[in-house]
Amino acid sequence: MNQKVRVRFAPSPTGGLHLGGVRTVLFNYLFAKQNGGDFIVRIEDTDQTRFVEGAEAYIFETLKWCGMVPDESPLHGGPFAPYRQSERKANYKQYAEQLVKAGYAYYAFDTPAELEEMRTNYKTAENPSPQYNHALRDKMRNSLFLPAEEVTALLSTNTPYVIRIKMPTDETIQFTDMIRGEVSFHTSQVDDKVLLKADGMPTYHLAVVVDDYQMQISHAFRGEEWLPSAPVHLLLWKYLGWEKEMPQWAHLPLILKPDGNGKLSKRDGDRLGFPVFAMDWTDPKTNETTIGFKERGFLPEAFVNLLAMLGWNDGSDQEIFSMLELIEKFSIDRVHKGGAKFDYEKAKWYNHEWIKRMPAKHLELSVQKLFAEKGITITDDSLLAKAIDLVKDRCTLMPDFIQQASFFFELPAEIDIAAVKPKWDEKKNMFFTELIRAYELSTLWEAPGLEIEFKELAAVNQLKPGELMLPLRIMLVGGKFGPGVFDIAAAIGKESTIERIKQVMRLLE
RNA sequence: GGCCGGUUCGUCUAUCGGUUAGGACAGCCCCCUUUCACGGGGCAAAGACGGGUUCGAUUCCCGUACCGGCUACCA
């Protein structure tokens, strides 16, 4: 029995990685790191017909973005390489053969058409989906019921065949799931799953057992959708003689659609207008891009945080956790049994919280990039930091910084002149003319001083500051939003402030 | 249909048999703010149903209902 904690995430490279997948990685990762163990990524590409170009690279980019670096993987190498099942192909057949020899599995020569025929022939109202199982296998063409000579003949003439597990007719398979406790199945209800396909590739069922064994996996976490096939895996561990090395299982609850029911899919995101994939994914065949959390403007810290809280909590009221805190506090026995509906509003709340807490320094690079995409070049780093600190409280998603802060770096794109024009008069015009003069003479350009000067001048002119502050805001910002006006004036500087006042005054003439 | 799993406010959830069933998001109201937010305060909102066990059940057991997953030579 290996003591060392070793977990694996075993994705199939068929497209973008979605929420549920990333959460599975996260729980694996947290568990491994908490226990000083290894986090392995193994690519389950046994179905060559479903291979999608770029999907594997995408998986690793996603893990990197989330801050979960594998200790072993096809990309990072490791002592149990290769980590791609397609490259381990030669490995599996011998075990399938071993099972046949021991009487735990058998050759099946049924063609796809024959299987189809069986399903339609035996389909009844009570049994809408007949299985290839103990009750039906004697009706099929397999090494269990065909004469030995015929089997030999079929084999020697290279007739395509698969190897199926021979499920016992009457046994109870029980195991302890780390999340669900005791779970049991009756073998009569489980079908004779294919272990080795006609193309020589193993199915998931065989591959996961062989690889978990060879890679010395200590704990196997996967989605709840795998629970029904757990008895097959348990039996395989036993039949292969590795029972003592079998990992502990944990079947994670599913992430469900926000509305209605069922597990969350990419389509729900398209339909409801929120991301489901971690990052943008472009399907190489259709060239269609599906938006990701990253590109929508989520911080990886927030993404990880919100995923962790979908089905887990530490028992306290704390909701904001960093990766380090999660590693420290995560516990598999506090993971829920029931699925959780995904709530995009709450997801945004996590991001908002993270943006608010994030020091401006950490945000600078991505904000700068966002601006660059809009054609705004930032040359003054200290102004950028100041601007970020001033507006981050009002940014939920990263692109909000464009709306909230671009006026710091360029003249307002639009001026809401209608907000001031109706109440604009000669007295106000005079006030701002005098304000320009006063500000031109200012030696100390700081918010409190600017505000005092402004208010004093208003008093001299017998005007209420309230009636003047909105016009000033429109002049500097362009609209009815943003941080305190004098903070803005202080940040953009004397020259720009005066220029903006003058410009709008001209528009008001 | 069968098998397996699940079920506390609209949503995410706390509760290790005894609570006015707590928090958060969203909603509504108020305060703060001479903009928009942030922030603060408040309102409304839940144990699917029926049986047990128990002095006492949201909590333990059984049944029902409902929801989900699986039922491929896909993972």
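Letters go in sequence order (proteins before strands), and every chain restarts at 1.
- Taking atom P on both nucleotides, C31(B) is separated from G69(B) by 48 Å, rounded to a whole Å.
- Taking atom P in both C55(B) and G47(B), the straight-line distance is 27 Å, to the nearest Å.
- The closest side-chain donor-acceptor pair between H186(A) and D170(A) falls under 3.5 angstrom.
- The nucleotide whose nearest atom lies closest to any side-chain atom of R119(A) is, among G68(B), C3(B), A72(B), A72(B).
- Residue R164(A) places at least one side-chain N or O closer than 4.0 Å to OP1 or OP2 of C73(B).
- With E114(A) as the fixed residue, the salt bridge (Lys or Arg N to Asp or Glu O under 4.0 Å) test singles out one of R141(A), K139(A), R119(A): R141(A).
- In this structure, V162(A) reaches the bases: a heavy-atom distance under 4.0 Å links it to at least one base atom across the strands shown.
- Rounded to whole Å, the separation between the C1' atoms of C73(B) and C16(B) comes to 47 Å.
- Taking atom P on both C43(B) and G1(B), the two are 46 Å apart, rounded to the nearest angstrom.
- At a threshold of 4.0 angstrom between heavy atoms, the contacts of H186(A) with the nucleic acid are absent.
- The partner of A24(B) is U11(B), by the rule that a Watson-Crick or G-U pair needs both atom distances under 3.5 Å.
- Two residues are said to be in side-chain contact when any heavy atoms from C-beta on lie closer than 4.5 Å; T62(A) and F277(A) fail this criterion.
- Looking at heavy-atom distances under 4.0 Å, L256(A) makes no contact with the nucleic acid at all.
- Contact annotation for T49(A): no contact, since no heavy-atom pair falls under 4.0 Å across all strands.
- For A14(B), the OP1/OP2 oxygens have a side-chain nitrogen or oxygen of N313(A) closer than 4.0 Å.
- RNA chain B is contacted by both W349(A) and E451(A); W349(A) maps to the nucleotide lying nearer its 5′ end (nearest heavy atom per residue).
- Pairing for C49(B) is with G63(B), a Watson-Crick or G-U wobble pair whose two hydrogen-bonding atom distances lie under 3.5 Å.
- Between A26(B) and U19(B), the two C1' atoms lie 26 Å apart (nearest whole Å).
- G338(A) comes within 4.0 angstrom of sugar-phosphate atoms only, judged by non-hydrogen atoms across all strands, and of no base.
- Remark: G39(B) base-pairs with C31(B); criterion is Watson-Crick or G-U wobble with both hydrogen-bond distances under 3.5 Å.
- A heavy atom lying under 4.0 Å from RNA chain B marks none of the residues of residues 169-178 of chain A.
- R50(A) places its CZ atom 9 Å from the P atom of C74(B), with the value rounded to the nearest Å.
- Nucleotide G1(B) is matched to U71(B) when pairs are restricted to Watson-Crick or G-U wobble geometry with both distances under 3.5 angstrom.
- At a threshold of 4.5 Å between non-hydrogen side-chain atoms, the residues W312(A) and L326(A) count as touching.
- With hydrogens and angles ignored, a donor-acceptor pair under 3.5 angstrom links the side chain of K346(A) to the base of A24(B).
- One side chain, N91(A) or Q214(A), offers a donor N or O that lies under 3.5 Å from an acceptor on the other.
- No contact: K348(A) has no heavy atom under 4.0 Å from any strand.
- Across all strands shown, A44(B) forms no Watson-Crick or G-U wobble pair with both key distances under 3.5 Å.
- Rounded to whole Å, the P atom of C29(B) lies 39 Å from the corresponding atom of C66(B).
- Atom P of C49(B) sits at a distance of 11 Å from the matching atom of C9(B), rounded to the whole Å.
- If you look at F221(A) and F27(A), their ring centroids are not closer than 6.0 Å.
- Nearest-nucleotide assignment on RNA chain B puts the 5′-proximal partner with E126(A), out of S229(A) and E126(A).
- Among the heavy atoms of the strands lying under 4.0 Å from G484(A) is at least one base atom, whether or not backbone atoms are also near.
- As rounded to whole Å, 13 Å separates atom C1' of U7(B) from atom CZ of R180(A).
- Remark: U19(B) base-pairs with no nucleotide in the shown strands. Criterion, Watson-Crick or G-U wobble with two distances under 3.5 Å.
- For R334(A) and U15(B), the shortest distance from a side-chain N or O to OP1 or OP2 is below 4.0 Å.
- In this structure the side chain of E97(A) reaches within 4.5 angstrom of the side chain of I163(A), judged on heavy atoms.
- Checked against the 6.0 Å centroid criterion, the rings of W237(A) and F175(A) do not qualify as a close aromatic pair.
- Checking the phosphate oxygens (OP1, OP2) of G10(B), no side-chain nitrogen or oxygen of K341(A) falls inside 4.0 Å.
- Distance check on atom P: U35(B) versus G41(B) gives 22 Å, rounded to whole Å.
- If you take CG of L470(A) and P of C36(B), they are 9 Å apart, rounded to a whole angstrom.
- Nucleic acid contact for T46(A): sugar-phosphate only, since backbone atoms but no base atoms lie under 4.0 Å from a heavy atom of the residue.
- For the residue pair R8(A) / N28(A), no side-chain donor-acceptor distance below 3.5 Å is found, with atom types taken as modelled.
- Residue A340(A) is classed as a sugar-phosphate contact, given heavy-atom separations below 4.0 Å to backbone atoms only.
- Glycosidic torsion of C31(B) falls outside 90° of 0, placing the base in anti.
- One finds no salt bridge joining K423(A) and E467(A) here, because no Lys/Arg side-chain nitrogen approaches an Asp/Glu carboxylate oxygen to under 4.0 Å.
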